[in-house]
Amino acid sequence: MQGRKRALLNDEVFHYDALNYLVVSVTLPGMGQVLDATPEHPYLSLRLNLDPEEIARLVLELGDRAPSRPAPIAAYSSRVWTSLCWTPY
């Protein structure tokens, strides 16, 4: 992924780029703006649609091994694990 984007979801602002990802767990009205892109390095992103039934099955399989989490949230952004990064530059 490359470039940088700002997303407004409800009253929250999220920034994400090649090293930070955005997770949205429910459909929310939102707006996005590409902040950093050039013809040589256009904004590129990836969207994954996950099957809720499959996720529920996996959570049940984890049982007590599932990490505890605070109350559910609709969206968050976080840093990508560096072990998952590939840098072509």
Side-chain angles (χ1 to χ4, degrees):
M1 308 302 95
Q2 66 187 24
R4 192 165 55 101
K5 189 173 186 177
R6 173 176 46 217
L8 288 79
L9 303 169
N10 287 338
D11 294 332
E12 293 191 70
V13 178
F14 300 92
H15 291 88
Y16 56 102
D17 54 26
L19 296 178
N20 296 279
Y21 61 90
L22 176 67
V23 173
V24 180
S25 63
V26 296
T27 302
L28 295 171
M31 181 174 22
Q33 177 184 17
V34 174
L35 301 173
D36 185 21
T38 65
E40 296 80 24
H41 296 100
Y43 176 78
L44 300 174
S45 68
L46 174 70
R47 175 182 170 159
L48 297 174
N49 290 321
L50 304 175
D51 180 1
E53 290 180 15
E54 184 66 17
I55 298 300
R57 186 185 65 73
L58 291 171
V59 169
L60 289 173
E61 277 183 23
L62 283 174
D64 292 339
R65 296 175 293 163
S68 62
R69 292 278 189 195
I73 54 175
Y76 68 91
S77 63
S78 183
R79 189 103 174 135
V80 173
W81 296 336
T82 55
S83 62
L84 297 177
C85 294
W86 172 72
T87 306
Y89 309 106

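Throughout, numbering of the chain's residues begins at 1 and tracks the sequence.
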Any residue meeting side-chain contact (heavy atoms from CB on, under 4.5 Å) with Glu53, in chain and number order, not counting sequence neighbours: Asp51
Identify the heavy atoms of Ala7 and Leu22 that sit nearest to each other, and give their distance. CB-CD2, 4.1 Å
Pairing residues for Arg57 by the side-chain contact (heavy atoms from CB on, under 4.5 Å) criterion, not counting sequence neighbours: Glu54, Glu61
Listed by chain and number, what are the side-chain contact (heavy atoms from CB on, under 4.5 Å) partners of Thr38, not counting sequence neighbours? Glu40, His41
Grouping I, L, V, M, F, W and Y whenever their side-chain heavy atoms are under 4.5 Å apart, do Val24 and Val34 come out in a common cluster? yes
To the nearest 0.5 Å, atom CG of Leu48 lies from atom CG of Leu46 at 4.5 Å
Gln2 side, atom CD; Tyr43 side, atom OH - distance, nearest 0.5 Å: 10.5 Å
Same hydrophobic cluster for Met31 and Phe14, using side-chain heavy-atom links shorter than 4.5 Å among ILVMFWY? no
Taking atom CD of Gln33 and atom NZ of Lys5, what is their separation to the nearest 0.5 Å? 10.0 Å
